[in-house]
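Everything below concerns the one structure shown next.
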Amino acid sequence: MPDGTNPLLLRQDSETGVTRLTLNRPDSRNSLSFAMLGALQHALEEIARDARVRVVVLAAAGPVFCAGHDLREITAHRNDEDAGRGFFEAAMQRCATVMQAIVALPQPVIAEVQGIATAAGCQMVASCDLAVASEAAKFCTPGVDIGLFCSTPAVALSRAIAAKPALEMLLTGAMVPAAEAQRLGLVNRVVPAAELTAEALALAGQIATRSAHAVRLGKAAFHRQRGLPLDQAYAHCAAVMTENLLAEDAAEGIGAFLAKRSPVWQDR
Ligand SMILES: C/C=C/C(=O)SCCNC(=O)CCNC(=O)[C@H](O)C(C)(C)COP(=O)(O)OP(=O)(O)OC[C@H]1O[C@@H](n2cnc3c(N)ncnc32)[C@H](O)[C@@H]1OP(=O)(O)O
């Protein structure tokens, strides 16, 4: 399926249509170097075109999910007076592209969070459609600890959770434990560490048994309508529902229900 393996980002594809991507820079706590962001962008572009992929799980190697931007790389470019601004612009743009690509991906993306997710790492979890966390996971946006405000993480965070807890995280940089993150709505499920991967894959597997057509249509409509005024949101979703009702899988699903049998999806 994939056109090549990038050591920064491992890819495993299952027969059931679940693709697991693993951030693989544990020694740097999976921080988002320019190359890591490039690997993510490339993988997401590839997956978006791959009809065999029904659900994506985004995991990470080592004890930390993701420690945000690569602060060594940032420091190296800051010390380069000529190229610093250009690199920062390119890195922030690439990061924004990746986060938007997660939301725009036709397939749902589930974050599998085994440890700390900071700054852009927290932004990545917030950008995913669903998140399953280990009891050891923690979330924070600690830019303020190092003279920064996590402005770009604020975009995803403020869409994932309510404004006041989001601002508290952004203004204090405080670590939010997994149970609290679940209460805030940043993660769906919290499980013991030993059960994390199985739980994330089970959730992905459950979604993968549904009509891929309905799931893709639904994910896109969900995100689209959120940005619209109420009347336009209903207009958009009524049009999507009409298209959905005319699709083969809806005829099959409704027919199967009425005939008391299991549906056989055509994914169209
Ligand atoms: C525009 C940009 C905005 C932002 O991204 S702002 C926020 C940036 N991120 C952070 O401030 C988090 C920085 N990292 C940490 O606070 C800690 O790490 C963790 C809590 C995530 C994990 O702690 P632990 O497991 O004890 O690991 P460790 O000993 O601190 O780090 C292990 C190695 O990983 C490197 N590393 C960690 N985070 C980053 C990073 N964000 N960029 C580059 N390297 C990082 C360290 O330096 C060290 O390296 P070595 O083994 O050579 O000493």
Side-chain angles (χ1 to χ4, degrees), residues 6-10 22-41 58-102 111-128 131 133-161 165-181 186-187 190 193 196:
N6 187 324
L8 292 175
L9 187 66
L10 309 180
T22 304
L23 305 175
N24 190 38
R25 256 184 116 214
D27 291 348
S28 299
R29 299 305 186 249
N30 299 314
S31 53
L32 298 175
S33 61
F34 199 66
M36 175 69 98
L37 288 166
L40 273 164
Q41 186 179 348
L58 183 56
V64 168
F65 180 75
C66 173
H69 282 280
D70 184 327
L71 297 176
R72 289 189 203 284
E73 195 175 59
I74 283 177
T75 302
H77 284 88
R78 177 159 185 93
N79 294 337
D80 180 344
E81 274 181 30
D82 297 330
R85 173 177 284 275
F87 174 77
F88 290 165
E89 282 171 355
M92 293 307 115
Q93 183 52 56
R94 184 174 275 191
C95 184
T97 299
V98 166
M99 301 301 164
Q100 288 175 84
I102 293 172
E112 178 192 320
V113 191
Q114 88 289 17
I116 293 174
T118 79
C122 186
Q123 178 183 8
M124 197 146 51
V125 176
S127 300
C128 288
S134 138
E135 287 167 350
K138 291 185 180 134
F139 304 83
C140 68
T141 47
V144 282
D145 294 344
I146 55 171
L148 293 167
F149 185 86
C150 285
S151 306
T152 46
V155 177
L157 202 59
S158 66
R159 282 165 168 73
I161 66 174
L167 269 170
E168 185 172 339
M169 286 179 73
L170 291 158
L171 291 169
T172 66
M175 281 280 187
V176 173
E180 175 69 358
L186 185 56
V187 303
V190 179
L196 177 67

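We count ligands from 1, going down the list as the structure has it; atoms in each ligand are counted the same way. As a basis for the values below, the full set of heavy atoms in this structure was taken, side chains included, without hydrogen atoms, waters or symmetry mates.
Residue contacts with ligand 1 for D70 involve both N, CA, C or O and side-chain atoms from C-beta outward (heavy atoms, distance under 4.0 Å). Of the heavy atoms in S31, only side-chain atoms (C-beta onward) come closer than 4.0 Å to ligand 1. Residue contacts with ligand 1 for M92 involve side-chain atoms from C-beta outward but no N, CA, C or O (heavy atoms, distance under 4.0 Å).
When distances from atom 23 (O) of ligand 1 to the protein are checked, no heavy atom turns up under 4.0 Å. In this structure, atom 16 (O) of ligand 1 is not in close contact with the protein, since no protein heavy atom lies within 4.0 Å of it. Atom 30 (O) of ligand 1 lies below 4.0 Å from none of the non-hydrogen atoms of the protein. Note that atom 46 (C) of ligand 1 has protein non-hydrogen atoms nearby, at separations under 4.0 angstrom. At least one protein heavy atom sits closer than 4.0 Å to atom 53 (O) of ligand 1.
Between M169 and I161, some side-chain heavy-atom pair lies under the 4.5 Å cut-off. The shortest side-chain heavy-atom distance between L171 and F149 falls under the 4.5 Å cut-off. Side-chain atoms of L8 and L40, non-hydrogen and from C-beta on, never get closer than 4.5 Å to each other. Looking at heavy atoms from C-beta onward, V98 lies out of side-chain contact with L32 at the 4.5 angstrom threshold. Side-chain contact check for R29 versus T118: every heavy-atom pair is 4.5 Å or farther apart. Using a 4.5 Å heavy-atom threshold, the side chains of L186 and V176 count as separate. Under the 4.5 Å side-chain criterion, counting only non-hydrogen atoms from C-beta, L58 is in contact with C128.
Residue contacts with ligand 1 include S28, since one or more of its heavy atoms lies under 4.0 Å from the ligand. Put simply, part of D27 is less than 4.0 Å from ligand 1, judged by heavy atoms.
Near V64, with a cut-off below 4.0 Å to any heavy atom, the atoms of ligand 1 are 22 (C), 25 (O).
In terms of polar-atom proximity, L71 is counted as a contact of ligand 1, with an N or O under 3.5 Å from an N or O of the ligand. Here's the thing with A67: one of its N/O atoms is less than 3.5 angstrom from an N/O atom of ligand 1.
When only modelled atom types and interatomic distance are considered, S127 and Q123 share no side-chain donor-acceptor pair under 3.5 Å.
A donor-acceptor pair is defined here as one N or O able to donate and one able to accept, closer than 3.5 Å; such a pair exists between the side chain of Q100 and the backbone of A96.
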query = Checking side chain to side chain contact (heavy atoms under 4.5 Å, CB included) for the pair M124/L23: CA distance, chi angles, key distance, verdict?
reply = CA-CA 12 Å; M124 197 146 51; L23 305 175; 3.7 Å; yes
inquiry  = Using side chain to side chain contact (heavy atoms under 4.5 Å, CB included), reason through F88 and I74 one step at a time and then give a plain yes or no.
reply    = CA-CA 8 Å; F88 290 165; I74 283 177; 3.9 Å; yes
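Given atom 7 (C) of ligand 1, the protein heavy atom at minimum distance is A119 CB, 3.4 Å. The protein heavy-atom contact nearest to atom 20 (C) of ligand 1 is I116 CD1, 3.8 Å.
For atom 11 (O) of ligand 1, the choice among P63, C122, P142, P26 with the nearest heavy atom turns out to be P142. In this structure, of R72, H69, R29, R25, the residue bringing a heavy atom nearest to atom 48 (C) of ligand 1 is R72.
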